[in-house]
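The structure appears right after this line, and notes come after that.
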Amino acid sequence: MTTDTPSRELRSQRLNKITHAPHEKLDHAVKAHAPFATLSSYTRFVVAQYLFQSELQTLYRDPQLIALIPDLAQRCRAEQAAADLQDLNTELPVGVAGAVQQPGVAQALGWLFVSEGSKLGAAFLIKRAEALNLSHQFGARHLGEPEGGRAAGWKAFTRILDELPLSASQEAELDQGALAAFERFGVLLEHAYAGSAAPQADVAQA
Ligand code: HEM
C-alpha cells in the first residue's frame, strides 16, 4: 500500500450516508405523530417498535449471524418492547403482513444495522419518555441504555460489520436490507397510528 492511497470509506459510513434521507423522513414521520405528547400516542409508538423488533427476532437468533456477532441475541429488544406494552396495559399486537422473510446474511446485516443504530436515537427519545413518568424500568425499557453503553455497543457492531469480507453483490444486498428496514419501520409506524382502537393508556404508577 502506498502513502497516497486514498483512505477508503468504511462500510458503516456508506450505510450512514445512504440511509441519511430515509432516516430524516422517518424522524419527521415519528415526530408528526407526537409520540411523547400523551401516553396513548406513546403507546402506539411502542406498538410500532414492538412489531419491528419482533419481526427481527429470527435474525437476532440466527446461528449464522450469531457466529459473526456473538452477542447478537442479547441485542434484541422485542422482550423489552413487549414488557413496555404490558406496563402500558396494552395487549401485544398481531403481526402485520410483509415482514422480512429469510433474508441472506448480507441483507440481514442491513436490517440489523438499522435496528442497532436506532438505539442511538433512543438516547434522545427516552428523555422525552421520562416526561411521561416512564423509564428504562417501566414503559420505556426498549429505549434504555444497553448493557455496556450505547456507544460501545454500536462501535462493536460496526467494527464487526466493517471487517466482514463481502462480495460486491453482498454489498448491494446489505444496502438494500438497510433501506428496506427504514421502509418497513415507516409502514409499521403508520399501522400503529392507524385504526380506531386507541390503546388505553391507563398506566399504574411506576
Ligand atoms: C427504525 C430505525 C430508526 C428510527 C425509528 C429512528 C428514529 C429517530 C428519531 C425519532 C430521532 C430523533 C430524536 C430526537 O430528536 O429527539 C433519531 C435520532 C438519531 N438517530 Fe435514529 N432512528 C432509526 C435508525 C437510526 C440509525 C440506523 C442510526 C445510525 C446509523 C440512527 C442514529 C441516530 C442518531 C445519532 C440520532 C441523534 C440525532 C441525529 O443525529 O439526528 N438512527 N432517530
Side-chain angles (χ1 to χ4, degrees), residues 9-38 41-57 59-60 69 72 75-78 80-81 84-85 93 96 98-100 103 106-132 134-136 140-146 149-162 164 171 173-194:
E9 184 182 53
L10 293 174
R11 186 175 284 142
S12 57
Q13 290 172 335
R14 184 190 76 229
L15 286 171
N16 271 330
K17 212 186 271 177
I18 66 156
T19 60
H20 180 77
H23 185 275
E24 283 280 295
K25 190 175 157 201
L26 191 54
D27 180 1
H28 289 141
V30 168
K31 286 175 179 161
H33 289 296
F36 301 101
T38 64
S41 183
Y42 172 74
T43 303
R44 287 172 182 253
F45 178 67
V46 183
V47 165
Q49 292 273 41
Y50 170 77
L51 289 168
F52 188 66
Q53 286 297 310
S54 57
E55 289 181 0
L56 297 189
Q57 222 164 2
L59 307 190
Y60 277 102
I69 305 162
L72 192 61
R75 287 174 174 267
C76 187
R77 287 166 292 155
Q80 286 93 325
D84 288 337
L85 289 175
V96 177
V100 59
Q107 209 191 336
L109 289 167
W111 282 82
L112 291 171
F113 172 87
V114 174
S115 175
E116 288 301 302
S118 72
K119 293 176 179 172
L120 301 175
F124 297 81
L125 302 181
I126 197 164
K127 294 210 171 75
R128 310 250 185 98
E130 282 162 9
L132 293 169
L134 305 172
S135 71
H136 68 282
R141 300 164 200 260
H142 78 285
L143 299 174
E145 175 141 27
R150 292 182 203 277
W154 177 240
K155 264 189 207 154
F157 177 82
T158 53
R159 197 176 310 122
I160 293 170
L161 182 66
D162 287 335
L164 284 177
E171 296 286 4
E173 284 166 31
L174 178 72
D175 292 359
Q176 203 189 1
L179 294 170
F182 271 104
E183 195 73 33
R184 182 64 179 164
F185 194 95
V187 168
L188 296 176
L189 185 74
E190 295 319 316
H191 173 85
Y193 279 93

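Counting convention: from 1, in listed order, for ligands and their atoms alike.
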So the side-chain hydrogen bond (donor to acceptor under 3.5 Å, both in side chains) pairs with at least one residue in residues 108-120 (sequence neighbours excluded) are Q53-S115, Y60-S115, Y60-E116, R75-E116, R77-S118, E116-K119

**Prompt:** Taking E145 for the side chain and R150 for the main chain, is one N or O donor matched with an acceptor at less than 3.5 Å?
**Reply:** yes

### Protein contact for atom 40 (O) of ligand 1 (heavy atom, distance under 4.0 Å)
no

Taking only non-hydrogen atoms of F185 and a 4.0 Å limit, the atoms of ligand 1 in range are 1 (C), 5 (C)

message: Tell me if a side-chain donor or acceptor on H28 pairs with a main-chain N or O of E24 at a distance below 3.5 Å.
response: yes

In terms of ring plane angle, is the pair F113 and W154 parallel, tilted or perpendicular, where the classes change at 30° and 60°? tilted

Note: ligand 1 atoms sitting under 4.0 Å from heavy atoms of F113 are 27 (C), 30 (C)

*Mutual orientation of the aromatic rings belonging to F45 and Y42 [parallel < 30°, tilted 30-60°, perpendicular > 60°]*: tilted

Quick one: does D84's side chain have a donor or acceptor within less than 3.5 Å of a partner on H142's backbone? yes

Within 4.0 Å of some non-hydrogen atom of W154, the atoms of ligand 1 are 30 (C)

The atoms of ligand 1 lying under 4.0 Å from a heavy atom of V114, numbered in the order shown, are 1 (C), 2 (C), 24 (C), 27 (C)

With sequence neighbours left out, the residues meeting salt bridge (Lys or Arg N to Asp or Glu O under 4.0 Å) with R184 are E55

Of T19, L125, L188, the residue with the heavy atom nearest atom 13 (C) of ligand 1 is L125

For atom 37 (C) of ligand 1, the closest protein heavy atom turns out to be F124 CE1, 3.2 Å

Closest to atom 30 (C) of ligand 1 among protein heavy atoms sits N16 OD1, 3.1 Å

Excluding water, the protein N, O or S atoms sitting under 2.8 Å from atom 21 (Fe) of ligand 1 are H23 NE2

Across all chains, not counting sequence neighbours, the salt bridge (Lys or Arg N to Asp or Glu O under 4.0 Å) partners of E171 are R11, R14

### Any protein heavy atom < 4.0 Å from atom 1 (C) of ligand 1
yes

Among non-hydrogen protein atoms, atom 16 (O) of ligand 1 lies closest to R128 NH2, 2.9 Å

Whether F182 and H23 hold their rings parallel, tilted or perpendicular, with breakpoints at 30° and 60°: perpendicular

If you scan protein heavy atoms around atom 15 (O) of ligand 1, the nearest is K31 NZ, 3.0 Å

Taking the side chain as everything from C-beta on, heavy atoms only, tell me whether V47 gets closer than 4.5 Å to Y193. no

**OP:** Assess K127 for proximity to ligand 1: is some non-hydrogen atom of it under 4.0 Å away?
**Re:** no

Does a donor on one side chain and an acceptor on the other come within less than 3.5 Å for H136 and Q80?
-> no

Output for pair (N16 CG, Q13 CD), nearest 0.5 Å, gives 7.5 Å

